[in-house]
Amino acid sequence: MGGTKVQRLSGMQKQVLSLYRGFLRVARSKSEEERRNIESVVKQEFRRDSKEVDRKNFQYIEYLLRRGNKQLDQLRNPDSRCVEERKGSGFSQSSRELELELVTRLDNGN
């Protein structure tokens, strides 16, 4: 037998993965166009945060998890149809109603 070690995930890592999977599950309940849009934004935002957020900044990661869970709950609403993509530290505007932001940044004291 090989001596490969399986790295166990921390509780916070499990929460992040659960949130990510939750977004993908909800996306499957939307129309094809909305599903592709949601999946694209979710993947982009999670990848961006995985590179930009310090893994030891637990307070900020917990904040992102709380925001993400609130946004996921909003997206579960059958009337919600789209997501809003974060651009840098601000947000792009969409003409669609019921836009949802997926993952946001803390304002630095603003």
Side-chain angles (χ1 to χ4, degrees):
M1 292 281 170
T4 60
K5 293 184 179 180
V6 176
Q7 184 177 357
R8 292 189 179 253
L9 298 176
S10 71
M12 195 171 290
Q13 288 171 320
K14 289 177 184 177
Q15 289 176 24
V16 171
L17 288 174
S18 176
L19 180 62
Y20 182 78
R21 289 184 193 122
F23 277 114
L24 296 182
R25 262 188 228 106
V26 168
R28 285 184 286 197
S29 69
K30 306 295 181 181
S31 72
E32 183 67 22
E33 179 184 346
E34 292 164 346
R35 181 188 61 79
R36 282 193 308 264
N37 181 38
I38 292 167
E39 288 174 353
S40 173
V41 172
V42 168
K43 288 176 185 179
Q44 180 181 1
E45 297 300 315
F46 272 76
R47 279 193 182 124
R48 180 184 299 152
D49 285 340
S50 74
K51 293 175 184 172
E52 293 180 2
V53 175
D54 180 10
R55 292 176 185 221
K56 296 184 192 251
N57 191 347
F58 302 119
Q59 186 175 9
Y60 184 62
I61 295 169
E62 288 171 349
Y63 165 78
L64 291 174
L65 283 166
R66 283 191 305 274
R67 290 288 294 183
N69 281 310
K70 287 179 185 178
Q71 292 158 345
L72 180 58
D73 288 341
Q74 291 173 336
L75 194 58
R76 284 185 176 125
N77 179 345
D79 295 331
S80 67
R81 298 184 344 223
C82 61
V83 294
E84 185 174 272
E85 183 176 351
R86 184 181 64 187
K87 299 281 186 186
S89 61
F91 296 97
S92 63
Q93 297 297 316
S94 172
S95 60
R96 294 187 185 198
E97 294 178 5
L98 302 171
E99 294 174 342
L100 299 173
E101 59 196 59
L102 291 177
V103 179
T104 62
R105 291 278 195 203
L106 285 172
D107 292 328
N108 294 325
N110 294 333

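Note that CD of Gln15 and CZ of Arg66 are 10.5 Å apart. Values are rounded to the nearest 0.5 Å. Note that CD of Glu45 and OG of Ser40 are 9.5 Å apart. Values are rounded to the nearest 0.5 Å. Remark: Lys30 NZ to Asn37 CG distance equals 11.5 Å, nearest 0.5 Å. The line from OG of Ser10 to CD1 of Ile61 is 8.5 Å long, rounded to the nearest 0.5 Å. For the atom pair CZ of Arg55 and OH of Tyr60, the computed distance is 15.0 Å after rounding to the nearest 0.5 Å.
Between Lys70 and Asp73, no side-chain nitrogen of the basic residue sits less than 4.0 Å from a carboxylate oxygen of the acidic one, so the salt-bridge criterion is not met. Taking 4.0 Å as the cut-off between side-chain N and carboxylate O, Arg36 and Glu39 do not count as a salt-bridged pair.
Remark: side-chain polar atoms of Ser50 are paired, donor with acceptor, to backbone N or O of Arg47 under 3.5 angstrom.
In the hydrophobic clustering of ILVMFWY residues, with side-chain heavy atoms under 4.5 Å counting as a link, Leu24 and Leu72 come out together. Under the 4.5 Å side-chain contact rule for hydrophobic residues, Tyr63 and Leu19 share a cluster. Criterion: ILVMFWY side-chain heavy atoms under 4.5 Å apart, direct or through other members. Under it, Leu17 and Leu75 are not part of a common hydrophobic cluster.
Closest approach of Ala27 and Ile38 over heavy atoms only: CB-CG2, 3.7 Å.
Counting only heavy atoms from C-beta outward, the side chains of Met12 and Leu65 approach each other to under 4.5 Å. Residues Phe46 and Val16 have side chains in contact (heavy-atom distance under 4.5 Å, counting atoms from C-beta outward).
Looking only at atom types and distance, the side chain of Ser31 has a donor-acceptor partner in the side chain of Glu34 under 3.5 Å away.
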